[in-house]
K.L.:
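Pasting in a structure now, in structure tokens, and then I'll have a few things to ask.
First the proteins, then the strands, lettered A, B, ... as listed; each starts at 1.
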Amino acid sequence: MPELPEVETIARRLDQCATGDVIESVWLGTKPEPLKSSALEIARVLEGSRIGGVRRVGKHIVFDLERNPVARTPRSARSRKPRPARAGSKTRPAQASATTPGVAGKASLELAEGGIRSAHAAARQSKSQWIVHLGMTGRLQLCGPGDEVLKHTHAILQLASGRELRFVDPRRFGRLSVTRDAAFEAAGFEPLEVELDRFTVLFHGRNTPIKSALLNQKLLRGVGNIYADESLFRAGIRPRRRAASITQEQLRRLFLSVKEVLQEAIALGGSSISDYVDADGEEGSFQFQHRVYGREGEPCLVCKTPLKRVVIAGRSSHYCRKCQK
DNA sequence: ACTATTTCCTGGATGC
DNA sequence: TGCATCCAGGAAATAG
């Protein structure tokens with residue numbers, strides 16, 4: 001499950017490997033499309049754009065796109081349908097292979113309603129961005145055109161280098177979107193950048209469990225279930241503690257713990273649980289550093305007390321009842 | 001205005 | 001072996 005360290009790892013890798021490449025054409029799957037922007041809008045922003053850089057904002061991956069106003073990708077690039085032969089293609093829904101963004105039913109409808117044309121013009125002249133949220137099981141993979149297209153591939157970007165950037169997401173919690181004029185904005189503070197006093201204020205007067213507050217992306221962006229539990233353990237705070245009841249000194253420890261955990265995890269390439277791998281298929285190794293997450297019933301590494309697991313806001317939360325108060 | 005719960009989604013694990 | 005059921009969880013939507 002990609003949280004801040006995993007997303008940071010992926011974004012760094014993509015920034016190294018994909019920056020400078022040009023997106024020649026885009027294929028998007030259909031149906032409960034994992035899209036926040038329409039397929040047509042995404043295709044129009046991406047096609048013909050150069051990847052200026054890739055970075056992380058919270059749990060989002062942001063591709064900064066640059067566009068040469070003169071060299072517009074010709075229509076033919078969009079209408080051709082270069083689907084590589086793939087293993088297991090008969091199991092894929094037939095509609096998927098035929099879906100060129102421009103001809104999707106929903107997209108055509110929007111075109112008929114107008115408004116797209118002006119959007120198109122805006123995309124041509126301004127800097128735009130491609131925003132990817134990986135959700136639970138989303139992956140961005142950089143691969144050769146001959147590589148097998150995995151089941152649950154929802155987007156394929158053909159790059160000028162001959163490679164393909166693919167978005168694969170079995171559980172479909174991931175989301176793709178684009179921005180045109182405005183830069184992508186995310187709520188909340190970056191946990192690795194926020195200062196102590198701002199961090200402290202976030203929890204003032206909140207009657208919600210501190211675990212929930214840490215997961216609230218409008219407060220801090222990027223902390224997910226694993227790193228919330230790990231941070232709370234290191235800070236000695238029980239996940240159910242009401243945010244408002246936590247002392248300044250404890251908040252200071254939490255502040256430091258959050259940064260420490262995230263930094264250590266980034267250094268190890270994130271935690272590979274279930275199926276997380278970065279853009280090159282590399283696994284992280286921070287999962288071996290987990291002190292409480294996924295260790296219910298196992299002895300606390302500090303005091304040997306069996307670790308507890310409770311459910312808070314629908315998420316399993318792991319802690320040591322002796323070390324955390 | 002807040003907080004809590006439900007919903008989305010599929011693969012893998014579990015149980016009978 | 002096979003089939004049903006449960007579980008994982010980010011964030012938006014809905015309910016309280």
K.L.:
Do any side-chain nitrogens or oxygens of Tyr293(A) fall under 4.0 Å of OP1 or OP2 in dG9(C)?
P.N.:
yes
K.L.:
Confirm from the modelled atom types if Arg315(A) and dA8(C) form a donor-acceptor pair under 3.5 Å, side chain to base only.
P.N.:
no
K.L.:
Given dA8(C), dG10(C), dC9(B), which nucleotide is nearest the side-chain atoms of Lys59(A)?
P.N.:
dG10(C)
K.L.:
Is the closest side-chain donor-acceptor distance between Arg180(A) and Ser128(A) under 3.5 Å?
P.N.:
no
K.L.:
Of the nucleotides dG10(C), dG11(B), dC9(B), which has the atom closest to the Lys151(A) side chain?
P.N.:
dG11(B)
K.L.:
Take atom CZ of Phe173(A) and atom C1' of dA12(C), then tell me their distance rounded to the nearest Å.
P.N.:
11 Å
K.L.:
How many Å lie between CE on Met136(A) and C1' on dA11(C), as a whole number?
P.N.:
12 Å
K.L.:
Measure CZ/Arg309(A) against C1'/dC6(C) and give the value in whole Å, please.
P.N.:
12 Å
K.L.:
From Leu262(A) CG over to Phe286(A) CZ, what is the distance, rounded to the nearest 0.5 angstrom?
P.N.:
8.5 Å
K.L.:
Given atom CZ of Arg175(A) and atom P of dA12(C), what is their separation to the nearest angstrom?
P.N.:
9 Å
K.L.:
Looking at Ser316(A), does any N or O in its side chain come under 4.0 Å of the phosphate oxygens OP1/OP2 on dG9(C)?
P.N.:
yes
K.L.:
Sub-3.5 Å donor-acceptor pair from the side chain of Glu47(A) to the main-chain atoms of Val26(A), do we have one?
P.N.:
yes
K.L.:
Please list each protein N or O that sits under 3.5 Å from an N or O in nucleotides 3-5 of chain B, with the distance.
P.N.:
residue : atom : partner   : partner atom : Å
dT3(B)  : OP1  : Asn207(A) : N            : 2.9
dT3(B)  : OP2  : Arg206(A) : NH1          : 3.3
dA4(B)  : OP1  : Arg242(A) : NH1          : 3.2
dA4(B)  : OP2  : Thr208(A) : OG1          : 2.9

K.L.:
When you check the gap from the basic side-chain N to the acidic O, do Glu249(A) and Arg253(A) get nearer than 4.0 Å?
P.N.:
no
K.L.:
For the residue pair His318(A) and Asp229(A), confirm or rule out a side-chain donor-acceptor distance under 3.5 Å.
P.N.:
yes
K.L.:
Side chain of Lys218(A) only, please: which of dA8(C), dA12(C), dG9(C) is the nearest?
P.N.:
dA12(C)
K.L.:
For the pair made of NE2 in His318(A) and C1' in dC7(C), what is the distance, rounded to whole Å?
P.N.:
12 Å
K.L.:
Would you say Leu215(A) ends up clustered with Tyr319(A) if hydrophobic residues are merged whenever their side chains have heavy atoms under 4.5 Å apart, either directly or through other cluster members?
P.N.:
no
K.L.:
Grab the CG-P distance between Leu150(A) and dT10(B) for me, whole Å please.
P.N.:
16 Å
K.L.:
Verify, without hydrogens or angle tests, whether Arg241(A) (side chain) and Lys325(A) (backbone) share a donor-acceptor contact under 3.5 angstrom.
P.N.:
yes
K.L.:
OP1 or OP2 of dA11(C) sitting under 4.0 Å from any side-chain N/O of His133(A)?
P.N.:
yes
K.L.:
Can you tell me the distance, in whole Å, between the NE2 atom of His152(A) and the P atom of dT10(B)?
P.N.:
7 Å
K.L.:
Between His154(A) (NE2) and dC8(B) (C1'), how many Å, whole number?
P.N.:
13 Å
